[in-house]
There are 2 protein chains.
Amino acid sequence: MAGIAEAPGRDAPEAQGRDAPEAQGVASDDLIELLFFAYRDFVGDPDRILAEYGFGRAHHRVLHFVVRYPGLTIAELLDILRITKQSLNRVLKDLIEQGYVEQKTGTSDRRQRLLFCTGAGADLAADLTRVQTRRVARALADRAEPTGASAASAHDFLLAMIEPDERAAVCRLMARRSRGTA
Amino acid sequence: MAGIAEAPGRDAPEAQGRDAPEAQGVASDDLIELLFFAYRDFVGDPDRILAEYGFGRAHHRVLHFVVRYPGLTIAELLDILRITKQSLNRVLKDLIEQGYVEQKTGTSDRRQRLLFCTGAGADLAADLTRVQTRRVARALADRAEPTGASAASAHDFLLAMIEPDERAAVCRLMARRSRGTA
DNA sequence: GATTTAAGTCAGTGTTGTTGACATATCTCA
DNA sequence: TGAGATATGTCAACAACACTGACTTAAATC
């Protein structure tokens with residue numbers, strides 16, 4: 001039973017004969033739905049912590065990217081989050097005023113405001129990351145394959161789900177973490 | 001290069017020596033972020049179609065589940081979406097008034113309102129599903145493994161990401177599609 | 001010095017979520 | 001049959017988070 005009770009479809013492919021859009025065991029249809037449920041629970045974890053601070057998901061997203069990519073500019077953050085300047089400013093102002101994020105004037109270009117987390121910001125971000133990491137790690141461990149293979153597989157799938165034109169930008173961003181802050 | 005330009009981490013595991021929280025090639029950290037990007041683009045597709053109808057994501061979610069699980073009750077839908085009755089009623093009212101969804105009084109329990117899509121609702125839902133299915137199918141095809149294996153792998157990962165207590169309910173729901181409407 | 005760019009700000013609006021209270025119809029069970 | 005539980009619908013008020021469009025300031029570029 002694939003490790004999980006009542007796993008549908010793949011364990012009983014003959015049962016979907018009615019109007020199955022695909023001849024495979026797992027239809028893309030089902031993945032759409034599972035992605036909804038997975039994301040629903042995935043964002044649910046940090047929500048509880050955020051509520052204690054009077055913050056919402058928008059604050060979380062900003063904090064997440066600032067702590068992971070110190071020195072991020074406003075323009076970069078806008079491009080990542082795909083929201084308007086107005087929406088970003090609203091939550092960013094909260095985070096700055098309450099001492100979780102700080103801005104420094106850019107050195108090479110003094111028009112830029114480089115974003116950094118304070119100690120408190122890093123602590124909060126770590127709390128939030130912890131619960132999400134726990135869920136992901138457990139999901140990987142719950143599988144039959146070795147955890148490394150599961151992770152690689154999930155990585156490739158999620159990356160491939162990103163708009164092709166955007167993948168390079170995402171990879172470039174994520175590559176920053178292996179190198180310096182530049 | 002794993003089929004995708006500039007894939008980070010796994011192809012250069014030695015580069016993450018700094019403060020790597022895990023010794024593996026792909027960190028749970030990165031999956032958190034990829035899930036954000038993947039979901040961002042995943043919901044972006046239908047948004048463009050929905051805008052033409054004056055609908056939003058909330059309408060999409062309702063339509064999706066009603067077309068997939070005809071005869072769904074209000075209580076079931078509330079449990080799936082995890083929103084309040086008020087939030088659901090607002091969008092459901094739009095969909096009913098504009099002829100995309102209809103209600104029928106339950107037969108065994110006349111208090112229940114069973115939800116069904118009209119022809120127009122099914123057509124719209126099909127349009128929305130099409131763009132999302134395309135993205136998922138492409139993501140699966142972009143991988144090195146056979147598509148069936150990729151799909152099974154993605155299925156297991158997403159299912160495992162769901163809150164353990166909820167998995168049985170999700171599986172029970174999804175199993176309806178293989179059987180009758182009951 | 002003119003133009004462009006990065007960022008900040010204002011006013012107004014829309015969607016989607018929340019709470020809490022209350023009404024109605026129907027079912028269940030004693 | 002009557003009491004209570006359940007399924008749904010509805011009201012008013014509110015909050016989070018997104019949008020648009022216009023405008024300002026400071027700094028870079030040419």
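Naming: A, B, ... by sequence-line order, numbering from 1 per chain. The analysis underlying the following values was restricted to heavy atoms, covering all of them including side chains, and did not include hydrogens, waters or symmetry mates.
Closest to the A/His59 side chain, of the nucleotides D/dT10, C/dT18, D/dC17, is D/dC17. With C/dT19, D/dG9, D/dC19 as the choices, the nucleotide that has an atom nearest any side-chain atom of B/Gln103 turns out to be D/dG9. Of the candidate nucleotides D/dA7, D/dG9, C/dA6, D/dA7 has the atom lying nearest to any side-chain atom of B/Gln112. The B/Asp109 side chain lies nearest to C/dC27 when the options are C/dT19, C/dC27, C/dA7. The side chain of A/Ile83 approaches D/dA18 more closely than any other nucleotide in the set D/dA18, D/dT6, C/dT16. The side chain of B/Lys85 has D/dT10 as its nearest neighbour among D/dC17, C/dT18, D/dT10. Taking the side chain of A/Gln86 as heavy atoms from C-beta on, and the options D/dC17, D/dT20, C/dA7, the nearest nucleotide is D/dT20. Comparing D/dA28, D/dA18, C/dT19 by their nearest atom to the side chain of A/Arg111 picks out D/dA28.
In this structure, A/Thr84 reaches the D/dC19 phosphate: one of its side-chain N or O atoms is under 4.0 Å from OP1 or OP2.
Atom CG in B/Leu92 sits roughly 17 Å away from atom P in C/dT15 (whole-Å rounding). Here D/dC17 presents its P atom at 12 Å from CG of A/Leu81, a figure rounded to the nearest Å. Residue B/Leu88 contributes atom CG, which lies 15 Å from atom P of D/dA7 at whole-angstrom precision. If you measure from atom CD of A/Glu97 to atom C1' of C/dG8, you get 13 Å, rounded to the nearest angstrom. Here the P atom of nucleotide D/dT8 and the CD1 atom of B/Ile96 are 12 Å apart, to the nearest Å. Residue B/Asn89 contributes atom CG, which lies 14 Å from atom C1' of C/dT16 at whole-angstrom precision. In this entry the distance linking NZ of A/Lys93 with P of D/dC17 reads 15 Å, nearest Å. Summarising the geometry, the separation between CZ on B/Arg57 and P on D/dA18 is reported as 9 Å, rounded to the nearest angstrom.
Taken to the nearest 0.5 Å, the CG atom of A/Leu35 stands 10.0 Å off from the CD1 atom of B/Ile162.
Side-chain N or O atoms of B/Arg110 include none that pairs as donor or acceptor with a backbone N or O of B/Thr107 at under 3.5 Å. The closest donor-acceptor contact from the side chain of B/Ser28 to the backbone of A/Val136 lies at 3.5 Å or more, if one exists at all.
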Legend entry - Residues B/Phe42, A/Phe157; criterion ring pair (Phe, Tyr, Trp, His ring centres under 6.0 Å); working and verdict: CA-CA 13 Å; B/Phe42 172 69; A/Phe157 171 68; 9.5 Å; no
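Cluster membership for B/Phe116 and B/Val67, using ILVMFWY side-chain heavy atoms within less than 4.5 angstrom, is not shared.
Closest-nucleotide positions on DNA chain D for A/Ser108 and A/Phe55 were compared, and the one nearer the 5' end corresponds to A/Phe55. A residue-by-residue look at B/Thr73 and A/Arg61 shows that B/Thr73 has its nearest nucleotide of DNA chain D further toward the 5' end.
With a 4.5 Å cut-off on side-chain heavy atoms, B/Glu76 and B/Leu115 do not count as touching.
Residue-to-nucleotide contacts include no donor-acceptor pair under 3.5 Å from the side chain of B/Arg113 to the base of D/dG9. On a pure distance criterion of 3.5 Å, no polar donor-acceptor pair joins the side chain of A/Arg110 and the base of D/dA26.
Among the atoms of the strands shown, base atoms are found under 4.0 Å from some heavy atom of B/Arg90.
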